[in-house]
J.: 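One structure, as structure tokens, below. Some questions next.
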Amino acid sequence: MLEITRIRAEKDAIIEGLKKRAVDYSKEIEAIIAADEQWRVVKTELESIQAESNQISKEIGLLFKQGKVAEANKAKERTTVLKEKEQVLRESVAEWEHKITDFLYQVPNVPISIVPAGKSEADNEVVEEVGFKVTFTGEALPHWELADKYNLIDFEMGVKVTGAGFPFYTGKGAKLQRALINYFLNEAEKAGYEEFMPPLLVNEDSGIGTGQLPDKEGQMYHATVDNLYLIPTAEVPLTNMYRDVILPNEDFSIKITGYTPCFRREAGSYGKDVRGLNRLHQFDKVEIVRVEHPKNSIAALDEMVQHVKNLLESLGLHYRILRLCGGDMGFTSAITYDFEVYSAAQERWLEVSSVSLFETFQANRLKLRFKTESRKTQLCHTLNGSALALPRIVAALLENHQTPEGIKIPACLVPYTGFEWIK
RNA sequence: GGAGAAAUGGCAGAGCGGUUGAAUGCACCGGUCUUGAAAACCGGCAUACCGAGAGGUAUCGGGGGUUCGAAUCCCUCUUUCUCCGCCA
């Protein structure tokens, strides 16, 4: 969430910036400012009453020590009035606090200057397109047919055992998954990211820390008996390691990575979007996460974009980079680059990675801070990106590298798969 | 899952109803001394919010309660440790 101090100081700039999301948040912002003012009035009043009764309590303590019981009891009477007042004010303060956080939860992050304004994906900016469309002499099969032809994925078995969106990977299909995960992790490690294998279920505090809760709980699987959530992305456990952390100085640059399965309920999806591997309830992903000093965060974002570019190029995939417009960006993001690979057989672009800078939006909820030179605490910037999500990469690999002889495995993967062809 | 014990500042560890935001030690930072270092000595050293400041308020695992007053008493949740059971 946005910092209340920032809203106080830059109200107009924030309202203006949020307009890029094609929604007007001036009402919410004004409400926050008003509630904040009320809160401060009530809070100040409460504190002065608390100060007064603390004072009296100390006096009573002294009187009892001196054996002046009568005087002490008299002083007690004075506090009863204060107590009543305190109770009322305490409730009022809590009420205003709730109002403020409720409003704060409703306001998304402010897009940074280079983010284009816009309502939907139609307004996204294509920053770069690399590679070229593969041309096929014969028929280009979509990946679900290729998967069937070469026995790589068993969707029906998944339906039988679990449900739609939970495929079995079989034979070389399973080995390809394992190869991609290892390849992506090794590349991340080469780029300086420390590897973690995190828990796949997280508690409520973690869901709130990274912003999945309270508003998006419908997207996560919820193990209600233990009140734990299946992670929708490794971002959740990886970033939450730094919840309530104060880094001791300004000299830090935290780069971590992790592979996890990801679980998403994807309520409301339908049609060709969910065909084959396009959208699953469980999928595998290698995530990269960074915690940076605010002055370094843009450079870190660029590095992450470069990292993903390198991966896609090594896999020989035709891709493009989009700078998402305000309206298409995630709630918590200040700027997001999406990577899409071209699916030759489906004749459409598939999103395979999303790299975002959250500035202090996540850190504020997480209470992730660092100590400045002058011993003040200041919020860190957080970033994350997929590097990469497997299913759509597999879809694109199968479709784009299909030949009459079979599917050609990119050279960079061969050491990991142990085979050059899927035949 | 059953039985018991515990949770205090960066760490260790006092305090068990009244000027206790918290003794003491270690670590850390600054200073004196020293050619330099060590030692010794002096000083500093939690977080958040409100306030221009003085200062105020809250926080001793989390939440609630008793009391004029709670780190200290009560309830509850969580976590850790020991023993038993189960188990990859």
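Hydrogens, waters and symmetry mates play no part in the numbers below; they use all other heavy atoms, side chains included. So you know, we letter chains A, B, ... as the sequences are listed, proteins then strands, and number each from 1.
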J.: In whole angstrom, give the distance that lies between atom CD of A:Gln55 and atom C1' of B:U57.
T.: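 Distance check: A:Gln55 CD to B:U57 C1' gives 14 Å.
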
J.: By the definition side-chain contact (heavy atoms from CB on, under 4.5 Å), identify the one residue from A:Leu390, A:Asn182, A:Asp284 that meets it with A:Tyr259.
T.: A:Asp284

J.: If you measure from the P atom in B:U72 to the same atom in B:G17, how many Å do you get, rounded?
T.: 11 Å

J.: So, does A:Asn54 get its side chain near the phosphate of B:U57, meaning an N or O under 4.0 Å from OP1 or OP2?
T.: yes

J.: To the nearest Å, how far apart are A:Phe64 CZ and B:U67 P?
T.: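 Between P of B:U67 and CZ of A:Phe64: 14 Å.
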
J.: Centre of A:Phe419's six-membered ring, under 6.0 Å away, within 45 degrees of the axis: is that where NZ or CZ of A:Lys175 sits?
T.: no

J.: Mind calculating the distance between NZ (A:Lys74) and C1' (B:C68) to the nearest angstrom?
T.: 16 Å

J.: Do A:Leu104 and A:Ile7 make a side-chain contact, defined as non-hydrogen atoms from C-beta onward lying under 4.5 Å apart?
T.: yes

J.: In the structure shown, which nucleotide is the Watson-Crick or G-U wobble counterpart of B:C49, with both distances under 3.5 Å?
T.: B:G56

J.: Could you identify the nucleotide paired to B:A37, looking across every strand shown and requiring Watson-Crick or G-U wobble geometry with both distances under 3.5 Å?
T.: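 Checking every strand shown, B:A37 finds no partner, since no pair has both distances under 3.5 Å.
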
J.: For A:Ser53, report the nucleic acid contact type (base, sugar-phosphate, nothing); a contact means any heavy atom under 4.0 Å.
T.: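 Touches nothing.
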
J.: Strictly by Watson-Crick or wobble contacts shorter than 3.5 Å, is anything paired with B:U78, and which nucleotide is it?
T.: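 Across any shown strand, B:U78 pairs with B:A7.
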
J.: With nearest nucleotides of RNA chain B determined for A:Gly61 and A:Ile4 from heavy-atom distances, which residue corresponds to the more 5′ nucleotide?
T.: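 Result: A:Gly61.
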
J.: Roughly how many Å apart are B:G55 and B:G51, using the C1' atom of each and rounding to a whole number?
T.: 8 Å

J.: Nearest to the side chain of A:Ala51, which nucleotide is it out of B:C49, B:U19, B:U57?
T.: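 Closest nucleotide to the A:Ala51 side chain: B:U57.
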
J.: Once you apply the 3.5 Å cut-off to both distances, tell me the Watson-Crick or G-U wobble partner of B:U19, or none.
T.: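 Across all strands, not a single nucleotide pairs with B:U19.
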
J.: With sugar-phosphate meaning primed atoms plus P, OP1 and OP2, does A:Arg90 contact a base, only sugar-phosphate, or nothing at under 4.0 Å between heavy atoms?
T.: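 Answer is nothing: A:Arg90 stays at 4.0 Å or more from every strand.
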
J.: Can you measure A:Glu47 atom CD to B:U59 atom C1' for me and round it to whole angstrom units?
T.: 13 Å

J.: Where do A:His293 and A:Phe370 land on the ring-ring contact (aromatic ring centres under 6.0 Å, His included) test, with the steps shown first?
T.: CA-CA 8 Å; A:His293 192 288; A:Phe370 64 94; 4.7 Å; yes

J.: Which nucleotide, in any strand shown, forms a Watson-Crick or G-U wobble pair with B:C87, with both distances under 3.5 Å?
T.: none

J.: What's the CD1-P distance between A:Ile56 and B:U67, to the nearest Å?
T.: 17 Å

J.: Under the salt bridge (charged side-chain N to carboxylate O under 4.0 Å, His left out) rule, what do A:Lys255 and A:Glu303 come out as? Steps first, then yes or no, please.
T.: CA-CA 11 Å; A:Lys255 302 171 71 177; A:Glu303 268 179 49; 3.8 Å; yes

J.: Using both distances under 3.5 Å as the test, list the Watson-Crick or G-U wobble partner of B:C73, or none.
T.: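 Here B:C73 is engaged in a pair, and the nucleotide opposite it is B:G65.
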
J.: Check the distance between B:G10's C1' and A:Asp244's CG and give it to me in whole angstrom.
T.: 16 Å

J.: Report which part of the nucleic acid A:Thr79 touches: base, sugar-phosphate, or nothing (heavy-atom distance under 4.0 Å, all strands).
T.: sugar-phosphate

J.: Considering only atom C1', compute the distance from B:G69 to B:C45 and round it to an integer number of Å.
T.: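 Taking atom C1' in both B:G69 and B:C45, they lie 30 Å apart.
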
J.: Decide yes or no for A:Leu388 and A:Val308: does some side-chain heavy atom of the first lie under 4.5 Å from some side-chain heavy atom of the second?
T.: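 Result yes, sub-4.5 Å side-chain heavy-atom pair found.
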
J.: Of A:Phe155, A:Trp144, A:Phe283, which meets side-chain contact (heavy atoms from CB on, under 4.5 Å) against A:Pro167?
T.: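 When side-chain contact (heavy atoms from CB on, under 4.5 Å) is applied between A:Pro167 and each of A:Phe155, A:Trp144, A:Phe283, only A:Phe155 qualifies.
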
J.: Identify which nucleotide among B:C50, B:U57, B:U19 has an atom closest to any side-chain atom of A:Leu62, counting heavy atoms from C-beta outward.
T.: B:U19

J.: Looking at A:Arg8, I'd like to know whether one of its side-chain N or O atoms comes within less than 4.0 Å of OP1 or OP2 on B:C49.
T.: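 No, outside the criterion.
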
J.: I need the NZ-P distance between A:Lys83 and B:U67, as an integer number of Å.
T.: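 That distance rounds to 6 Å.
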
J.: Using the P atom as the reference point in each nucleotide, state the distance between B:C60 and B:A71 in Å, no decimals.
T.: 6 Å

J.: Report the distance from atom CD of A:Glu97 to atom C1' of B:C50, rounded to the nearest whole Å.
T.: 12 Å

J.: Suppose you measure atom P in B:G1 against the same atom in B:U57; what distance do you get, rounded to whole Å?
T.: 44 Å

J.: Looking only at side-chain atoms of A:Lys76, point me to the closest of B:A48, B:U19, B:C68.
T.: B:C68

J.: For B:C75 versus B:C81, give the span between their C1' atoms, rounded off to a whole number of Å.
T.: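 Between the two C1' atoms, the distance is 24 Å.
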
J.: Considering only the C1' atoms, how many Å lie between B:C68 and B:G30, rounded to the nearest integer?
T.: 43 Å

J.: Using the C1' atom on both, measure B:U79 against B:U8 and round to a whole Å.
T.: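 Per the computed distance, 15 Å lies between those C1' atoms.
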
